[in-house]
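Convention: sequence-line order gives letters A, B, ...; per-chain numbering from 1.
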Amino acid sequence: MQERYNPAEIEQRWQQVWEKRQAYQAETDSDRPKYYLLEMFPYPSGRIHMGHVRNYSIGDVVARFKRLQGYNVLHPMGWDAFGMPAENAAIQHGTHPALWTEENIRNMRLQLRRMGLSYDWNRELATCSPEYYRWEQLIFLKMLEKGLAYKKSAAVNWCPDCETVLANEQVEDGCCWRCDNAVEQKQLDQWFFRITRYADELLDRTEQLPGWPESVLTMQRNWIGRSHGCEIDFPVEGTDSAIRVFTTRQDTLAGATFMSLAPEHPMALKLATAGQRDSVRAFIDKVGKVEKIDRTSEDLEKEGVFTGSYCVNPLTGQQVPVFLANFVLMDYGTGAVMAVPAHDQRDFEFARKYQLPVQVVIQPEGELLDPERMQEAWTGEGRMVNSGPFDGLPNEEGKQRVADFLKAEGRGEPTINYRLRDWLVSRQRYWGTPIPVIYCAACGTVPVPAEDLPVTLPTDVKFSGAGGSPLKSQASFIETDCPVCSQPARRETDTFDTFVESSWYFLRYASPHYDQGPVDRQAVDYWLPIDQYIGGVEHAVLHLLYARFWTKVMRDLDMVGIDEPFTNLLTQGMVCMETRSCPEHGWLYPEEIDAGNQCLKCGSPVTTGRNEKMSKSKKNVIDPDGLIQRYGADTARLFTLFASPPEKDLEWNEQGVEGCSRFLNRVWRLIYEHHELVVGAALPEESSLQGPARDLRQQVHKTIKKVTEDIDGRFHFNTAIAAVMELVNAISAFPGKTEHPEVLKEAFETVVRLLNPFVPHVAEELWQHLGHDQGVDTPGWPAWDEKALETETLLMVVQVNGKVRGKVVVPAEADRHVIEQAALEDSNVRRYVEGKQVRKVIVVPGRLVNVVVS
RNA sequence: GCCGAAGUGGUGGAAUUGGUAGACACGUCGGUCUCAAAAACCGAUGGGCUUUGCCCGUGCCGGUUCGAUUCCGGCCUUCGGUACCA
């Protein structure tokens, strides 16, 4: 055994051993309980960052721990390989996206291997390979058959400079994130997935996901945004048509004194009377020019224009003027709103601005609303007034009654509205899965026959950066024959949103090489659902909602037998670090600052900012490679696990890293100094131990229990590691090392085995030095001996009136009376009890005694 | 505005079911070793005091309880999500 701990040498060696042993390959084995552990797969950007290190360190502890507990663990890794950065790199540097991506994967795979993560690399997949996306195309065809995929014209964010649509996240302050040009709304024919068909199930099943964080479930519920209400028809005066509105407040129907339509509403122009036509046109034009982002901002002034037309309130029969209003959105509800100024703040402001009548129809308890003097709308509860037959009803009950009335009269019906929109999956990009559809002049939109899949992405394309997707000018790709009539036809040139690939990769891992379909049903039935999914909270809605949707689609296609893909979800926090900036040069890297905390370039004093998420733009990043080089992967892993619990943000602290490195060095040295003592020793016999030897053995077993319970389900790795540190401190201080080598041996072996999931390389190395030929994982996870936990005496805290006044040691089996006696005899306790009357003595077994005096 | 999470020493954090607040680590201070330094090791470290011990202390105010970081009510602050959603 070497005197010095040399992480670089031992880590490389053990990684080779594991690889040779194929130690982490998972095989379907119905005789063993399975455990499917998954971390969200990375985009192959080229280098891993600290967020990855944290995510995968957390996952690896769980994977190794579950394996040691005897589970058949599936722990795969792959690449979310399609996406815009590859294409941007192609435009900027001329490298083909495929080569760029491959190179990045190669590099990142090496980085992950250097971390010693226990992946089953035989199951590795990259979503950009035709063997993967061909099955996605097949599922799309099936969705098309079921009406779950469809094409429609929709307004999308369009960057005229890049000639492509942008996802909402790619629009920053109304401008393109890449070229900083203003984003426009453009009407385009786009492919959608009908996720709204699953809105109810996606929402209702959130109640049955106890293993998910409440915050994520709430976000999903809000995103789906189901609201119960009514659709109501307001007949237009002098015509036989009607305007249909959606409302959740049908109880306020009698108070609807005007009507607001979205300027894009199909009836908007038709309703304009001759005298109003010009101003209506001008208003529609004006609103149309405002970007969507401003349109939905809070500071936008509420404006409208009168159409000149009236409709009729179906409850009161009153005449109601019809306005167009800039705050009414065409893509929610029906694009028309019944305006109830007394009970909706927006309508109230609008009514005051245009001097429209305010009619109170809900009176709150203990308050009398006066329409003349109201300063704001009353949106709370109350009793219905001015509502004819409904007067006096509590408004909640009124909702039901008004809905029933409308239905009976044929004027409306109860409806459910969702905030959730269908998922727009078309992208005018090259580096994605081609949408397998052909357009034929005679036959229209024709799906590519399943036997012709995959539609592969052509590789011989040119990237100019202009003219949009290179597929559009790739004749060899576009030109094809119609599968129906064999006449010349054109291929779809749009590709899928990359969220499509990440919606089912976790299913593919069960049988990644299966070539008869997307998944091998047997493998999926064995491995799925995922027992533990781990990733960043930034995916709380998008990816996690899409993945749930896709799983349900595949279930309904009889491809999988599960309803939900992720049983337990852990959303890990961000990795943060302080920022430093100079008034001259902006953000600074630590190496751009001198010892006196001044900028190396200009000498200005450096301002230290607060902890923020690590990002290159703010120069508060740590490069995992450098970290591993300096300290080793084990230290990097240990620090990210020790510094904070996984769901919280992690504050980077170089000194904390050094502390972890120091700890591993201490363990190494301690074992180095004593390993000859313990290598030949037997393991201890419980009964024969006394004093410090017995105490140490007790702590060994207490630590096993604590670490087991901390890891299992709780994921409190920080306290688990702290417990091992305490044990190491106790071993250091143990006076009986030479007298009790057997106790020392058990203690050392326990430390090494407990540390194994966290720092696997050094654990293997030390295990070997403790005289074992086989891996540290061979004996499985250590079990604690209940007998060793038993004590003869207990330390009990004595309180007087709830304040700690003393501590007494009592026999473990002492009864209430004996404990009470001992407590009252304590000299300090006596000072507080003497001369007072003891009212009550509370004894909490094994913990404390509280003497209540007065 | 609404929804969610959080607030504990100089710092990261611990206290699992209402039972010794501050485990573990970082930092700081003092010491040992050394020509010196680093490393390593040992000790101290919430604040205050009349220091065998006492008082105060978990964002603020109140409540329940023998006992509250933990439960309840009301506020304040920070972070995250989301929004003219009718």
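At least one side-chain heavy atom of A:E612 sits under 4.5 Å from a side-chain heavy atom of A:N620. With a 4.5 Å cut-off on side-chain heavy atoms, A:V361 and A:H343 count as touching. Using a 4.5 Å heavy-atom threshold, the side chains of A:L570 and A:P646 count as touching.
Two residues, A:G333 and A:V797, neighbour RNA chain B, and the one matched to the more 5' nucleotide by heavy-atom proximity is A:V797. Judged by closest nucleotide on RNA chain B, A:M725 is the one of A:M725 and A:V537 placed further toward the 5' end.
Listed by chain and residue number, A:F258, A:F323, A:F327, A:Y354 satisfy the ring pair (Phe, Tyr, Trp, His ring centres under 6.0 Å) test with A:F350 (two or more places apart in sequence, or in another chain). The side-chain contact (heavy atoms from CB on, under 4.5 Å) check on A:E396 picks up A:E381, A:K399, with sequence neighbours excluded. A search for side-chain contact (heavy atoms from CB on, under 4.5 Å) contacts involving A:A822 returns A:V810, not counting sequence neighbours. Considering only residues two or more places apart in sequence or on other chains, A:H539 meets the ring pair (Phe, Tyr, Trp, His ring centres under 6.0 Å) condition with A:H543. With sequence neighbours excluded, no residue forms a ring pair (Phe, Tyr, Trp, His ring centres under 6.0 Å) with A:W212. Among residues two or more places apart in sequence or in another chain, the ring pair (Phe, Tyr, Trp, His ring centres under 6.0 Å) test is passed with A:F234 by none. Annotation: salt bridge (Lys or Arg N to Asp or Glu O under 4.0 Å) contacts of A:K286 (sequence neighbours excluded): A:E303.
No hydrogens or angles considered: nothing links the side chains of A:T608 and A:R580 as a donor-acceptor pair under 3.5 Å.
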Contact list (N/O, under 3.5 angstrom) for nucleotides 38-40 of chain B vs protein:
residue : atom : partner : partner atom : Å
B:rA40  : O3'  : A:R669  : NH2          : 3.1

Show the distances under 3.5 angstrom between N or O atoms of the protein and N or O atoms of nucleotides 17-19 of chain B.
residue : atom : partner : partner atom : Å
B:rG19  : N2   : A:Q799  : OE1          : 3.4

Tabulate atom names and distances for all N/O pairs under 3.5 angstrom spanning the protein and nucleotides 54-59 of chain B.
residue : atom : partner : partner atom : Å
B:rC54  : OP1  : A:R805  : NH1          : 3.2
B:rC54  : OP1  : A:N828  : ND2          : 3.3
B:rC54  : OP1  : A:Y832  : OH           : 3.0
B:rC55  : OP1  : A:R805  : NH2          : 3.2
B:rC55  : OP2  : A:R805  : NH1          : 3.1
B:rC56  : OP2  : A:K803  : NZ           : 3.0

Can you tabulate the close N/O pairs, meaning under 3.5 Å, that link protein atoms to atoms of nucleotides 3-12 of chain B?
residue : atom : partner : partner atom : Å
B:rG12  : O2'  : A:A643  : O            : 2.7

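Nucleotides B:rG19 and B:rC71 place their C1' atoms 14 Å apart, quoted to the nearest Å. Between B:rG62 and B:rG48, the distance separating the two P atoms is 25 Å to the nearest Å. For the C1' atoms, the distance from B:rG7 to B:rC60 is 11 Å, rounded to whole Å. Nucleotides B:rC35 and B:rU28 have their P atoms positioned 26 Å apart, rounded to a whole Å. Comparing B:rC72 with B:rA25, their P atoms sit 34 Å apart, to the nearest whole Å. Taking atom C1' in both B:rC29 and B:rU77, one finds a spacing of 34 Å when rounded to whole Å. Look at the C1' atom in both B:rU34 and B:rC41: the space between them is 14 Å, to the nearest Å. To the nearest whole angstrom, the two C1' atoms, one in B:rU17 and one in B:rG12, are 27 Å apart.
A salt bridge is defined here as a Lys NZ or Arg NE, NH1 or NH2 lying under 4.0 Å from an Asp or Glu carboxylate O, and A:K702 with A:E726 fails to meet this definition. Salt bridge status for A:R630 with A:E654: present, with a side-chain N to carboxylate O gap under 4.0 Å.
Rounded to an integer number of Å, the gap from A:F639 CZ to B:rC24 C1' is 13 Å. Computed from coordinates, the A:R839 CZ to B:rC66 P distance equals 13 Å when rounded to whole Å. Rounded to whole Å, atom P of B:rA86 lies 13 Å from atom CG of A:D251. Taking atom CD of residue A:Q345 and atom P of nucleotide B:rA83, one finds them 20 Å apart after rounding to whole Å. With rounding to whole Å, A:E231 atom CD is found 14 Å from B:rC85 atom C1'. As a whole-Å value, the separation of A:E647 CD from B:rG13 P is 11 Å. Regarding A:N718, its CG atom lies at a distance of 9 Å from the P atom of B:rG13, rounded to whole Å. Rounded to an integer number of Å, the gap from CG of A:L420 to P of B:rU82 is 14 Å.
Which of B:rU20, B:rA86, B:rG27 sits closest to the side chain of A:Q655 comes down to B:rG27. The A:V337 side chain lies nearest to B:rA86 when the options are B:rA86, B:rC26, B:rC24. Residue A:A722 has its side chain nearest to B:rA23 when only B:rU20, B:rC84, B:rA23 are considered. If you check B:rU20, B:rC84, B:rA83 against the side chain of A:R419, the one that comes closest is B:rA83. Distance from the side chain of A:N729 is smallest to B:rA25 among B:rA23, B:rA25, B:rU16.
Here A:G659 lies in heavy-atom contact (under 4.0 Å) with sugar-phosphate atoms only. Looking at heavy-atom distances under 4.0 Å, A:K613 makes no contact with the nucleic acid at all. Within the 4.0 angstrom heavy-atom criterion, no nucleotide atom of any strand lies near A:P213.
A side-chain contact (heavy atoms from CB on, under 4.5 Å) with A:V340 is found for exactly one of A:T252, A:V358, A:T257, A:T379, namely A:T252.
Under 4.0 angstrom from either OP1 or OP2 of B:rC85 there lies at least one side-chain N or O belonging to A:R346.
Here the side chain of A:H701 pairs no donor or acceptor atom with the backbone of A:E786 at under 3.5 angstrom.
The distance from the NZ atom of A:K737 to the OG atom of A:S732 is 6.0 Å, given to the nearest 0.5 Å. Rounded to the nearest 0.5 angstrom, A:H265 NE2 and A:L324 CG are separated by 9.5 Å.
For the pair A:R226 and A:Y418, the cation-pi criterion (under 6.0 Å, within 45° of the ring axis) is not fulfilled. Cation-pi geometry between A:R4 and A:W668 is not met: the NZ or CZ atom fails to fall both under 6.0 Å from the ring centre and inside 45° of the normal.
Look at B:rG47: its glycosidic torsion is beyond 90° from 0, and that puts it in the anti range.
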- Query: Under a 3.5 Å cutoff on both atom distances, Watson-Crick or G-U, what's the dot-bracket for RNA chain B ([ ] crossing, | other strand)?
  - Reply: (((((((..(((......[....)))((((((.......))))))((((...))))..(((((..]....))))))))))))....
